[in-house]
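In what follows, every chain begins at residue 1, and chains take the letters A, B, ... in the order their sequences are listed.
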Number of protein chains: 2
Amino acid sequence: MNLKLLARELNLSFSTVSKALRDSHEISAATKARVLAKAKELNYQVNPLASSFRKQQSKTIAVIIPEVVNDFFGPVINGIESIAQEKGYHVLIYLTHEDMQKEQSITRLLQNGRVDGIMISLSEETSDTAHLEALQQKEIPLVFFDRIAEHIAVPKVITNDYEAALVATSHLIKHGGKRIAFLSISQNLSIVNQRMNGYLAALEKHGIEQDKNLIISCGRNEEDNLNLIRNLLVGKNRPDSIFASVEKLAVATYQVCSELGLRIPRDIKVITFSNSNMVPFLQPSLTTITQPAYEMGREAAAILFKLIEKKRHSFLPEKTIINSILVQRDSTRQLQ
Amino acid sequence: MNLKLLARELNLSFSTVSKALRDSHEISAATKARVLAKAKELNYQVNPLASSFRKQQSKTIAVIIPEVVNDFFGPVINGIESIAQEKGYHVLIYLTHEDMQKEQSITRLLQNGRVDGIMISLSEETSDTAHLEALQQKEIPLVFFDRIAEHIAVPKVITNDYEAALVATSHLIKHGGKRIAFLSISQNLSIVNQRMNGYLAALEKHGIEQDKNLIISCGRNEEDNLNLIRNLLVGKNRPDSIFASVEKLAVATYQVCSELGLRIPRDIKVITFSNSNMVPFLQPSLTTITQPAYEMGREAAAILFKLIEKKRHSFLPEKTIINSILVQRDSTRQLQ
DNA sequence: AAAACCCACTACAACGTTGTAGCAAATAAA
DNA sequence: TTTATTTGCTACAACGTTGTAGTGGGTTTT
């Protein structure tokens, strides 16, 4: 009714008004000016629901992530939002809490035009990917970031987990590490596997034999993880270095070390993937591999918008890799 | 076309199908079952754009916050999302980056039915509140949380900043504090003023005269803040305790202390508002007042949904206060 | 001067759903 | 038996916008 009302006010047909507002070439400059002025005067704004419905595009994207209380996904959202705001898009957030079923039901909600595109970082538990292939089949623009499904052919934005893990492990070796433990987490996660492979490659490269006892599979229960790490560190035969695949395992390591009276880095060196801005203030400050979270968010969003705008035309790179960087701090410092 | 298509398949009118799908009492159980079965078979889902448009409700709420890389707003979103998911609502996220203009332009986007309700935590710089009153005038359900505009009559969910600051300051005094500095931040923020008032009240209560030199107005530039804190701590006449109104100022204090060789808590005690889960691992572990972020998010969302569902009927509490808790750690421990 | 062509605007039919009004047939009340 | 009432369905008009297909009046072309 509102466009109609505005049109009546101007003694114009509402098609004319609609076109004028969208700066159509069919409308004279004079009329456009008149319409714009009146629209401003009456504080007219298009009804986004009607417009979305008519155009079958929502100007909205969905971001599906496992967690938001997280030093990685926070900056990612930041990056995504910054691009979305530039493009005039709206950002829906969905949290899976690492639960595949939730991931599935969320994707089901997004199959029918509610969003113009989807960015997703998979849950730890996602083993079956049918729900993602369903999105792909419906030709909904889709981009994976960080936690990807390797075999699905959509653009992916990741960091160089393999190389970074290789560098991190080499860093530990260079600083005297001989028995280096790897604290793993969920098996389904592409990134953790990449990191583990990087770790193994570094061992091999430096002629260190891999020791199955030094690869610890941690999980989501923090108490269990503490016990696993405690078991690892109590024996005589304990490792001299720990590579935690995620930050929370490094923090758990700190906790266990303090409990057992082990000194970092003298007794044990620690390195981890982390994006926390608190790590410089830990005691000792924690050496980290820091992922370019913000940039990954921006890049993934930029790719998604290209997909949305051109649909099938352009061939986008299947994989975009943005490098992580190692920041040395005291937890891997070699004491003389 | 899709409802129509499904109807043709069933030899029913599309109104009947629509009603059957929405479990209307006008439709017989047998027909409902038949429709539901066919809908499932053909994988029919209502078009949310069409439905939203027709019903003039988007089943979407907006959350406007200053930042997402933040240990407070993270859990808040978590809480909001958990309620929204229960209610079948979708959550749009908008970041103001503490910029009032962005806040204004975001609210302008939300005036026309794109969302059924809005939750907002104001930017540091928000002094003018016309854009918020505009929302109120359009009768868009609105809830403030944490950083509120006192004078606008909408439900507000906050924590007991005043009392918590009073308790925190008393805690410092109890542990021997005589010269207690307060590190403030933006002037516009209701919460910071509340905290400062709590601080001042505690001083008065314990007969400590307030010293203007001990109230430091910090800002958004981190370098400037470090300088301000450095200036505060270099003199002979330095404070024996610091109450940081926000976490980043406490971390800055840690940094300056380490630089100046001041030992915490021996030379200086530190307390702050913070929700970081890293504070136990700082050296020394940092005493904090922890806000019930998740609960605030849930509560604010629950109130918003009541507003949305009943519109004007029910009288909701103007202010909901959820208490923060003080967690003592080593940074305020009294050494004997 | 007739035909062709622009220009600036109007008319109108979608988009897919929902709610209201209507309408037979069956059942209940008078 | 006649008149209400209920049941189970259909018809249809919205919701506000947008894109396509006109439509006259003016200008240019032949």
Side-chain angles (χ1 to χ4, degrees), chain A residues 1-39 42-60 88 90 109-116 138 140, chain B residues 1-39 42-60 88 90 109-116 138 140:
Chain A
M1 196 77 121
N2 235 332
L3 233 188
K4 223 174 275 182
L5 225 74
L6 182 59
R8 193 171 310 161
E9 201 74 26
L10 284 156
N11 266 333
L12 286 168
S13 81
F14 68 95
S15 333
T16 306
V17 176
S18 167
K19 281 179 221 268
L21 288 170
R22 277 168 303 123
D23 201 27
S24 160
H25 63 96
E26 294 178 53
I27 308 297
S28 73
T31 309
K32 277 182 194 168
R34 211 158 67 85
V35 170
L36 248 42
K38 200 65 165 183
L42 301 183
N43 191 28
Y44 168 81
Q45 288 179 266
V46 296
N47 181 325
L49 261 39
S51 178
S52 282
F53 168 52
R54 174 61 226 260
K55 295 196 286 187
Q56 297 287 43
Q57 62 154 271
S58 58
K59 279 275 174 185
T60 303
H90 302 254
L109 289 175
L110 301 178
Q111 301 210 359
N112 240 304
R114 188 182 293 278
V115 295
D116 298 341
K138 292 220 168 186
I140 298 167
Chain B
M1 196 79 120
N2 236 332
L3 233 188
K4 223 174 275 181
L5 224 74
L6 182 60
R8 193 171 309 161
E9 203 73 25
L10 284 156
N11 265 333
L12 287 168
S13 81
F14 68 96
S15 333
T16 306
V17 176
S18 168
K19 281 178 223 267
L21 288 170
R22 277 168 303 123
D23 202 27
S24 160
H25 63 96
E26 293 179 54
I27 308 298
S28 73
T31 309
K32 278 183 194 167
R34 211 159 66 84
V35 170
L36 248 42
K38 200 66 166 180
L42 302 183
N43 191 27
Y44 169 81
Q45 287 178 267
V46 297
N47 180 325
L49 261 38
S51 178
S52 282
F53 168 53
R54 173 62 226 259
K55 295 196 286 188
Q56 297 286 41
Q57 60 153 273
S58 58
K59 280 277 175 184
T60 303
H90 302 255
L109 289 175
L110 302 177
Q111 301 210 0
N112 241 304
R114 187 182 295 275
V115 296
D116 298 341
K138 291 222 170 184
I140 298 168

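Shortest non-hydrogen contact noted between A/Lys32 and A/Ile27 is CE-O, 3.4 Å. A pairwise comparison of heavy atoms in A/Lys38 and A/Leu10 identifies CB-CD2, 3.6 Å as the closest pair. B/Ser18 and B/Leu3 make their closest contact through CB-CD1, 3.8 Å (heavy atoms, listed as atom of the first residue, atom of the second, distance). When all heavy atoms are compared, the tightest approach of B/Leu109 to A/His90 is CD1-CE1, 4.0 Å. Considering all non-hydrogen atoms of both residues, A/Leu12 and A/Val17 come closest at CB-CG2, 4.1 Å. Pairing each heavy atom of A/Phe53 with each of B/Ala50, the nearest pair is CE1-CB, 3.4 Å.
Following rounding to the nearest Å, B/Asn112 (CG) and D/dC15 (P) show an atom-to-atom distance of 15 Å. Regarding B/Leu12, its CG atom lies at a distance of 11 Å from the C1' atom of D/dG8, rounded to whole Å. The distance between atom NZ of A/Lys55 and atom C1' of C/dC15, rounded to the nearest whole Å, is 13 Å. Rounded to whole Å, atom C1' of C/dT20 lies 13 Å from atom CZ of B/Phe14. A/Leu3 places its CG atom 16 Å from the C1' atom of D/dA14, with the value rounded to the nearest Å. Rounded to an integer number of Å, the gap from NE2 of A/His25 to C1' of D/dT20 is 12 Å. Rounding to whole angstrom units, CD of residue A/Gln57 and P of C/dC15 are separated by 17 Å. In this structure, CD of B/Glu26 is placed 15 Å from C1' of C/dA24, rounded to the nearest angstrom.
The closest donor-acceptor contact from the side chain of A/Thr60 to the backbone of A/Ser58 lies under 3.5 Å.
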Every protein N/O within reach of nucleotides 23-27 of chain D N/O, cut-off under 3.5 Å:
none

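Within the 4.0 Å cut-off from OP1 or OP2 of C/dG16, not a single side-chain nitrogen or oxygen of B/Tyr44 is found. Taking 4.0 angstrom as the limit, B/Ser51 places none of its side-chain polar atoms (N or O) nearer than this to OP1 or OP2 of C/dT17. In this structure, A/Arg22 does not reach the D/dT17 phosphate: none of its side-chain N or O atoms is under 4.0 Å from OP1 or OP2.
To the nearest 0.5 Å, atoms CG (B/Leu21) and OH (B/Tyr44) are separated by 6.0 Å. The line from CD1 of B/Ile140 to CZ of B/Arg114 is 12.0 Å long, rounded to the nearest 0.5 Å.
Within residues 27-34 of chain B, the residues that place at least one heavy atom under 4.0 Å from DNA chain D are, in residue-number order, B/Ile27, B/Ser28, B/Thr31.
Picking from C/dT10, D/dG16, D/dT10 the nucleotide with the shortest atom distance to the side chain of A/Ala50 gives D/dG16. For A/Ser15, the side-chain atoms get nearest to D/dG19 when compared with the rest of D/dG19, D/dC9, D/dT17. For A/Asn2, taking side-chain heavy atoms from C-beta onward, the closest of the listed nucleotides C/dT10, D/dT17, D/dC12 is D/dT17. Looking at the side chain of A/Phe53, the nearest of the listed nucleotides D/dT17, C/dC15, C/dG19 is C/dC15. Out of C/dA13, D/dA11, C/dG16, the shortest distance to the side chain of B/Lys19 is found at D/dA11.
Put simply, the side chain of B/Lys4 and the base of D/dT10 share no donor and acceptor less than 3.5 Å apart. Scanning atom types as modelled, no donor and acceptor separated by under 3.5 angstrom connect the side chain of B/Gln56 and the base of D/dC15.
Look at A/Lys59 and A/Asp116 and you find no salt bridge, because none of the NZ, NE, NH1 or NH2 atoms lies under 4.0 Å from a carboxylate O.
At a threshold of 4.0 angstrom between heavy atoms, the contacts of A/Ser18 include nucleobase atoms, whether or not backbone atoms are also involved.
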